[in-house]
Colleague: 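Attaching a single structure in structure tokens format; questions to follow.
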Amino acid sequence: MLATIGMIAPSVVLGDLKLTALNVVKKLTLAQYAQIILTCAFLEAFVFVQQDARDMPGDYATGYFGVRDKGLNERSMISELENGRLAMLAFVVQIVLELVTKVV
């Protein structure tokens, strides 16, 4: 969902409708790419660390509002996975449409 905002924000905030997310990516410097990569590496290594090796991948022991009963929240976890997959598919479609329509 944040990726969708990132696709729309450059043109809305700056008022330039020809400024798209892919154009912004082309204008990034090497230092800015390094900053993005280092931020992601820090988050993966230190923040999003799985507490228990027996848990499912992506389970960071936070629970839903402090409740950590996996049987109780199984439906919510499945819904979250399905929504995440749909969001990734929607983002890929946005990128493909931007490339196909030559808006870039």
Colleague: Is it true that, when you exclude Leu38 itself, more than 12 heavy atoms of the residues, nucleotides or ligands shown sit nearer than 6.0 Å to its CG?
Modeller: yes

Colleague: Measure the CG-OH distance between Leu28 and Tyr33 for me, rounded to the nearest 0.5 Å.
Modeller: 4.5 Å

Colleague: CG of Leu89 to CD of Gln94: how many Å apart, nearest 0.5 Å?
Modeller: 10.5 Å

Colleague: Going only through I, L, V, M, F, W and Y residues with side-chain contacts under 4.5 Å, is there a path from Val92 to Val100?
Modeller: yes

Colleague: Are the side chain of Gln32 and the backbone N or O of Thr29 linked by a donor-acceptor pair below 3.5 Å?
Modeller: yes

Colleague: Would you kindly confirm whether Phe46 and Leu43 end up in one hydrophobic cluster when ILVMFWY residues are joined by side chain heavy atoms under 4.5 Å apart?
Modeller: yes

